[in-house]
Amino acid sequence: MKMLFSTSILSMIGLTLTGTASSYELSSDNTPQHDPDQCTAILVTAGAAKDGVGSMTTHTNDCLDCDFRLVKVPAADHAPGSMRPIIGGRAQYPRYVGDDRGEPYSKEALAKGLYDWKETVAVGHIPEVPHTYAYLDGDYGIQNEFQLSMGESTCGALLHSRPTFDGGRALLEMSELSRIAMERCKTSRCAVQLMGDLAVEYGFYGAVWEGDMMTVLGEAGEAMTVTDKEESWMFHVLSDDTGASAVWVAQRVPEGHVTAVANGFVIKEVDLSDADNFLGSDNLYSVASRAGLWTEGEHFSFAEVYGLARGHLSTYVNRRVWRVLSLAAPSLNLPAETDMWARDYPFSVPVDDGLAVADVAAMQRDYYEGTPYDTSANPAGGPYGNPARYDQSPVDGMTKEDLVAGRFERTISLFRTSYSFVTQSRASLPDVVGGLTWFGQFTPHATVYVPVYASVLETPESLSVGSLHRLDRRSCWWAFSAVGNYAAQWFSFTIGEIRAMQGKLEEGWFQGQEEVEALALTIQGYGGDVAARGYLTEWSAAQAEMVRAEWWEFLDYMMGKYRDGMKMADVKVDMIKPTKLFYPRWWLEMTGFWGAPGATASEAKKNNEGEFEYDVEWDKKPKHKKSAASFNSDEVSVHSGSTFDGPTPKVDAGEDDVAGASSAAVAKAASDVMGATTTATSPVLGAGEQGPRGGGGTGPSPSP
């Protein structure tokens, strides 16, 4: 039964599945009705990090149309009997409009002159708790005041459901579940248990619930990387077969280990009797059996039973997991090629060396450099190695099936990332300084990770304003996007400039981090938590504003230095001397610069042998090849008041003696070589009249 659902690519395209999976047809324009956000998340236990760094988790929110703002949701007290409103999953700007989740979400704070967005209306309610904690919020909850931190990745799953507001029976999706956990939990164990229990009680639906079946099932499940000061957990959830509940499981990551998830479930074997390391729903096995996905007595792997098989597209998922695990533990020599369930890869790996924030940030910025899958080092990246591989679209007569038949490598650093981050949760420090999120907007390899403490009273303006609707110079996202998109034209030349700027800023923060936190704790000793939070709020805002201003200036610098296929290496000189970037040899060969596509320079020179009779030095006048059969006239008169200033032409020697050729014959030869039409009787251009190159009639023409 399982084989019918998971091992054929046909099951991903329009086939009806049992249970809650409905039959969907491709839309009229052959595109899904939603743009999925397919993300990567990394989880690093405290024991796998360098001393003092603490546990870390990440999230690349790889969504082309998502709200990129970072917002601080304040703590709140609630009256007895209060109900918490539940909102439907919305990732686009504005993800929420209201006064109860932080000032940037208020209607007054929205961009003016674009659209009249209304306040968000609840789709349901659940009982509220007396007090909710403060947290940093994006499209999902990120980090709360007690250092609970989460990353997210949608996952393919075989069961899906519809939300209550669209004719279904499920109330909760992942973004709201993560926020509820941020509001109510101090530990990762609490968070995974709470999210799972609420999903079972109220029903879970995925990020996409209508459109073609491949997209619906590709977004039907969710994974969250959840960590605190002591423990780190991987959490998986999907709908059950009734559409009104959920199935979930969580596995604890061993200390000293790293794990990653990239749009496919990674929890395999499960032992719910081992409560120290596994948590899960009571219906874990019964739903699988009832839905025909598993038969009791068979081997049970959560990923293989509930996960979506992607066939030849499985590298979209598995390659990123391989890359993270290989960077964390290169000594394991994990194979880059594996089966579609990645059976060659363990759930987690022990690190070879402790990881710092910079190491994990580098993983997020990765596009497989130095491997056979390096997207900056193959023809699809163009002559300058742009690592971006833009999203598929059925253009030029292509169908969705045509597109599914092919693939590009899917990198960790992606052109359509709205934001990414690395969190720190540190048991060695008080919560007021221990929780820290390094937050970067736009593509990871083209962003700067700005430090924002979880305890700030409000998030920096430059990280909490702006939208994709219109360029906003107050916004860091737009500054990063402007530089990143401009620099991508000559990526192999410009990426070094970007990395130098990233390193200068981030290394400065790493070096000064201990001093900043020591001062915050000193301030806390005199004025309490509020005073320390006030200092960290101002400090984080100052860093973000510095980055915003410097990155816009960086755009000016890059536009001045790189343009029109040239690089201005030194501008502080008397006369500018641009360096022509031109194209690499392999590109010229591939595009037919030397003849037919694939032809080499050697082949072209052989084919052209004897065609040119001048030794050419670039940017200089051609030099005449001296021979006994060459004319050696010092100057050839072309017409009165003008001289021929080009190279002396060569005339092949024949049986006739050409040594006594007339000056008229020489003039005609000069005219033929230079393509001129002048003769000895041609009129003379007067002073100020324009010749073929725009110069006057007397004097040499300007160099090309």
Side-chain angles (χ1 to χ4, degrees), residues 39-60 135-136 140-144 146-153 155 174 177-178 181-182 185-196 222-237 248-262 265-268 270-271 274-280 302 321 324-325 327-329 345-357 359-361 363-364 421-429 431 434-438 454:
C39 315
T40 309
I42 304 167
L43 187 54
V44 181
T45 62
K50 291 186 180 296
D51 290 345
V53 171
S55 67
M56 294 177 279
T57 194
T58 75
H59 178 200
T60 60
Y135 60 97
L136 297 176
Y140 305 84
I142 296 174
Q143 186 175 53
N144 77 5
F146 295 102
Q147 307 190 53
L148 174 65
S149 307
M150 297 186 193
E152 181 274 346
S153 179
C155 292
M174 199 64 251
L177 281 171
S178 70
M182 287 287 169
C185 288
K186 296 182 180 181
T187 68
S188 54
R189 184 180 288 266
C190 166
V192 298
Q193 187 73 56
L194 177 64
M195 291 189 296
E222 285 280 3
M224 298 295 290
T225 52
V226 189
T227 189
D228 59 33
K229 295 172 285 188
E230 303 293 342
E231 292 185 345
S232 301
W233 289 78
M234 179 69 74
F235 173 80
H236 293 342
V237 65
W248 68 276
V249 70
Q251 182 173 351
R252 184 180 176 183
V253 184
E255 276 305 310
H257 279 230
V258 169
T259 189
V261 60
F265 294 139
V266 295
I267 297 176
K268 298 172 183 176
V270 177
D271 182 4
D274 180 6
D276 287 339
N277 296 296
F278 290 94
L279 297 170
F302 184 92
V321 174
V324 171
L325 300 185
L327 289 171
Y345 305 158
F347 167 69
S348 63
V349 298
V351 296
D352 286 1
D353 297 296
L355 300 176
V357 171
D359 299 319
V360 181
M363 292 179 180
Q364 293 202 120
F421 59 76
V422 180
T423 66
Q424 287 183 263
S425 301
R426 296 171 287 177
S428 60
L429 291 170
D431 292 329
L436 176 58
T437 294
W438 299 84

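The figures that follow rest on heavy atoms only: side chains count, while hydrogens, waters and symmetry mates do not.
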Does the [X] side chain pair with the main chain of [Y], one donor and one acceptor, at a distance under 3.5 Å?
X: Thr57; Y: Ile42; answer: yes
X: Thr225; Y: Gly151; answer: yes
X: Gln147; Y: Lys229; answer: no
X: Thr58; Y: Val422; answer: no
X: Thr259; Y: Leu43; answer: no
X: His236; Y: Val266; answer: yes
X: Ser149; Y: Gln143; answer: no
X: Arg189; Y: Arg252; answer: no
X: Ser428; Y: Gly52; answer: no

Rounded to the nearest 0.5 Å, how far does [atom2] of [Y] lie from [atom1] of [X]?
X: Ile142; Y: Thr437; atom1: CD1; atom2: OG1; answer: 6.0 Å
X: Leu355; Y: Lys50; atom1: CG; atom2: NZ; answer: 7.5 Å
X: Trp438; Y: Met56; atom1: CH2; atom2: CE; answer: 11.5 Å

Closest heavy-atom contact between [X] and [Y]?
X: Pro254; Y: Thr45; result: O-CG2, 3.4 Å
X: Glu222; Y: Ser153; result: OE1-O, 3.5 Å
X: Ala49; Y: Gly54; result: CB-O, 3.2 Å
X: His257; Y: Ser348; result: ND1-OG, 2.8 Å
X: Met150; Y: Ala181; result: CE-CB, 3.5 Å
X: Val237; Y: Phe265; result: O-CZ, 4.1 Å

Indicate yes or no: at least one non-hydrogen side-chain atom of [X] is less than 4.5 angstrom from one of [Y].
X: Met174; Y: Phe235; value: yes
X: Phe302; Y: Gln251; value: no
X: Glu152; Y: Ser178; value: no

With sequence neighbours excluded, tell me which residues meet side-chain hydrogen bond (donor to acceptor under 3.5 Å, both in side chains) with [X].
X: Asn277; result: Asp274
X: Asp271; result: Ser273
X: Thr227; result: Ser55, Ser232

- Among Leu148, Val226, Asp228, find the one that has a side-chain contact (heavy atoms from CB on, under 4.5 Å) with Thr187.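 Of Leu148, Val226, Asp228, side-chain contact (heavy atoms from CB on, under 4.5 Å) with Thr187 is met by Asp228 alone.
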Report the residues that fulfil ring-ring contact (aromatic ring centres under 6.0 Å, His included) with Phe421, sequence neighbours left out, ordered by chain and then residue number.
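Counting only residues at least two positions away or on another chain, Phe421 forms a ring-ring contact (aromatic ring centres under 6.0 Å, His included) with His59.
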How would you list, by chain and number, every residue that makes a ring-ring contact (aromatic ring centres under 6.0 Å, His included) with Phe146, sequence neighbours excluded?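 Phe146: ring-ring contact (aromatic ring centres under 6.0 Å, His included) contacts with Tyr133.
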Q. How would you list, by chain and number, every residue that makes a salt bridge (charged side-chain N to carboxylate O under 4.0 Å, His left out) with Asp359, sequence neighbours excluded?
A.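 Asp359 satisfies salt bridge (charged side-chain N to carboxylate O under 4.0 Å, His left out) with no residue once adjacent residues are dropped.
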